[in-house]
Amino acid sequence: MCGIFAYQWNKQALPILQRGLERLEYRGYDSAWVCVMDAQGSTKLIKSVGKVSELESKISKQTKGKEEELNAFTRGIAHTRWATHGVASEVNTHPHHDAGNHFYVIHNGIIENHAKLKKQLREKWYTFYSQTDSEVVPALLAEHWTGDLLETVEKVLPLLHGAYALVIMTTHAPNEIVALKRWSPLILWTAPDGFYCSSDMQALAGYATQTVTLSDGELVYIKNNDYIIKAEWKIIKKDLEKLDIKAMDESRGEYETFMRKEIDEQPAIIRRAFMGRVNFDEKAIHADATKYLKDKEIQKVVFVGCGTSYNAGQMGALWMQNIAGIDASAKIASEYMHQRIPTDPKTLHVFLSQSWETADSIEVLKHIKDKGGLTFGIVNVVGSTIATMTDCGFFLRAGYEIGVASTKAFTAQMINILMLTLFLWKKWSLSYDRYTNILHAMKTVPSLMEQIIAQEDAIANVAKEMSRFNNMFFLGRKYEYVVADEGSLKLKELSYIHSESYPAGELKHGPLALIEESFPCVLIAPHDGLFEQNMSSMAEIQSRKWKVLVVSNRETEWADRMITIPSAHPAVMPFLTTMVVQLLSYHVAKELGRDIDKPRNLAKSVTVK
Ligand code: AGP
């Protein structure tokens with residue numbers, strides 16, 4: 001999603017901003033822009049719809065032979081835009097400026113009252129050139145200009161509603177920059193050679209040391225080689241923090257795509273998740289987070305997340321009920337606030353997110369915290385909003401996921417949830433023998449996953465056939481219904497093929513009406529207590545001449561196509577079937593020539609509500 005990068009002081013800004021844009025690329029975007037300014041307020045602006053590499057080739061064409069001249073441009077702002085208001089076009093690309101070209105603004109988030117503000121300004125005098133909500137900010141700065149940048153920003157701020165991070169420059173005061181945040185992340189890095197500002201820790205990781213993470217409502221005003229931070233119109237002191245995160249490993253090695261690399265990393269990530277947390281000899285789960293939960297009376301668990309993280313929550317709810325014996329449910333974060341769910345102190349709220357900034361999930365977390373609820377984070381980024389706001393939690397230890405379609409983060413979320421489930425296991429729910437069977441089954445997951453990878457050629461062959469269809473169903477029961485949900489989501493986002501997922505038993509209640517030969521089904525049906533029921537579903541499908549691909553550890557002569565997987569305990573089987581649907585979607589997308597790591601219209605971190 002949108003990304004911010006800004007620099008001010010005494011180095012040539014353009015290469016710094018280009019590097020910043022490259023670091024923001026993994027988030028997903030559809031246009032990029034860079035604007036640099038010299039000490040007299042002259043600007044250079046270069047915009048591009050498409051990849052940062054396209055912007056870079058524009059930059060090198062436009063600046064060829066003018067390298068000396070560029071040394072004077074020692075401040076600037078850069079942005080990757082993921083379209084929300086207005087199509088992806090040069091005119092809608094940030095930074096936005098006012099009619100007089102004096103104020104330049106980059107913006108993440110949404111100005112919710114932009115329509116009203118635009119109307120008011122239009123009625124007075126103003127003509128807008130873009131369809132964006134963001135353009136209203138430079139227009140308001142021009143309207144309220146007092147001759148002082150900080151004062152003007154503080155006059156305009158109360159007029160803006162919504163969630164946003166903004167960085168503002170003006171030709172009237174080229175040595176000044178104002179950056180501010182309300183709900184959308186923003187970090188300042190005070191380096192010996194200047195001030196850097198980004199919406200993404202990753203864009204600074206590896207070289208930033210002394211950073212300040214702005215809190216909601218805070219603003220940083222940079223002038224020459226100094227800065228102040230203000231909150232509610234007062235200057236505040238904030239300690240510099242050490243940015244303790246590793247730079248993203250940006251190399252794909254021998255892999256064609258990051259996604260394929262990330263699929264292979266999964267067994268190692270699962271092994272890493274156990275380290276220092278699962279004692280297989282003592283048959284127990286220990287961690288700081290579990291020490292914290294030890295004395296808490298937990299009667300209910302609610303998982304909150306979006307997309308793939310929500311799917312991990314659905315799996316968690318089933319495990320909690322079937323293994324731990326605790327009432328549990330999963331909630332889609334963007335729907336949570338509409339449901340008036342009472343916050344009970346005996347409920348553990350588990351927040352799932354591979355990134356650190358999913359706005360929908362953070363909104364629910366803030367709400368639960370305000371109500372005094374007990375919160376647990378299962379996240380990937382140390383120091384992230386969700387990690388710092390929750391009472392306790394597990395880190396995924398999965399390393400950065402660069403492919404937009406989540407793979408390793410999903411299985412890492414699942415293994416962490418399964419560990420939490422076993423920790424919360426109630427003796428009256430499941431016998432000790434069955435508890436230890438699951439614990440041991442968990443240990444076998446990485447090597448079983450490696451066996452799935454070894455079957456890649458067979459999966460790729462089936463994927464070739466799947467890629468000819470325009471519609472697809474994913475079906476399963478219980479745990480495998482959740483895998484069907486995840487498989488369907490993966491196929492959609494990677495291949496752009498329409499797909500739906502259903503509990504296999506639901507078919508006869510409506511979806512069967514869609515049956516025709518061109519609408520095949522993927523039925524995930526391991527040989528467990530539900531196998532016979534799944535076979536009945538298959539019979540319903542086949543008697544209507546539908547094609548069925550069965551994913552199972554038991555051969556069935558009725559399947560049109562079969563992917564045979566190793567046997568495993570039903571509670572851990574989803575780790576294997578998930579890998580099958582990941583590889584299927586990957587190979588369908590590859591067959592169709594899709595941009596696998598950056599599917600169209602999607603972003604890695606979704607920072608708008
Ligand atoms: C997964 O493949 C998707 N890209 C998407 O559904 C994602 O899981 C969702 O946006 C939630 O993101 P989070 O885990 O960073 O909160």
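Atoms considered below: every heavy atom in the structure, side chains included; atoms not considered: hydrogens, waters and symmetry mates. In listed order, ligands and their atoms are each counted from 1.
Just one residue in the list Lys490, Gln354, Glu401 forms a side-chain hydrogen bond (donor to acceptor under 3.5 Å, both in side chains) with Ser406, and that residue is Glu401.
Listed by number with element, the atoms of ligand 1 under 4.0 angstrom from any heavy atom of Ser309 are 8 (O), 13 (P), 14 (O). Every atom of ligand 1 is numbered from 1 in the order shown, and the set under 4.0 Å from a heavy atom of Ser353 is 13 (P), 14 (O), 15 (O), 16 (O). Each of the atoms 1 (C), 2 (O) of ligand 1 lies under 4.0 Å from some heavy atom of Ser406. Listed by number with element, the atoms of ligand 1 under 4.0 Å from a non-hydrogen atom of Ala405 are 2 (O). Proximity to Gly307 (heavy-atom distance under 4.0 Å) selects the following atoms of ligand 1: 6 (O). Here is the list of ligand 1 atoms found below 4.0 Å of a heavy atom in Lys490: 1 (C), 2 (O). Heavy-atom contacts of Thr308 reach the following atoms of ligand 1: 1 (C), 2 (O), 6 (O), 8 (O) (cutoff under 4.0 Å).
In this structure, Arg600 and Asp595 have side chains that are not in contact, with every pair of non-hydrogen atoms separated by 4.5 Å or more.
The residues Glu480 and Arg477 are annotated as not salt-bridged, no charged nitrogen and carboxylate oxygen being separated by less than 4.0 angstrom. At a threshold of 4.0 Å, the pair Arg468-Glu591 does not count as salt-bridged, since none of the basic side-chain nitrogens sits closer than that to a carboxylate oxygen. One finds no salt bridge joining Arg260 and Asp597 here, because no Lys/Arg side-chain nitrogen approaches an Asp/Glu carboxylate oxygen to under 4.0 Å. Electrostatic pairing of Arg271 and Glu450 counts as a salt bridge here, judged by a charged N lying under 4.0 Å from a carboxylate O.
Ring-centre distance between Phe519 and Phe469: not below the 6.0 Å cut-off. Checked against the 6.0 Å centroid criterion, the rings of Phe376 and Phe394 qualify as a close aromatic pair.
Put simply, no part of Leu602 is less than 4.0 Å from ligand 1, judged by heavy atoms. Proximity of Ser361 to ligand 1 is not established, as no heavy-atom distance is less than 4.0 Å. A heavy-atom separation below 4.0 Å is not found between Gly305 and ligand 1.
When Leu396, Thr358, Thr407, Val404 are checked for heavy-atom proximity to atom 13 (P) of ligand 1, Thr358 turns out nearest.
In terms of N/O distances under 3.5 Å, ligand 1 is not approached by Gln413.
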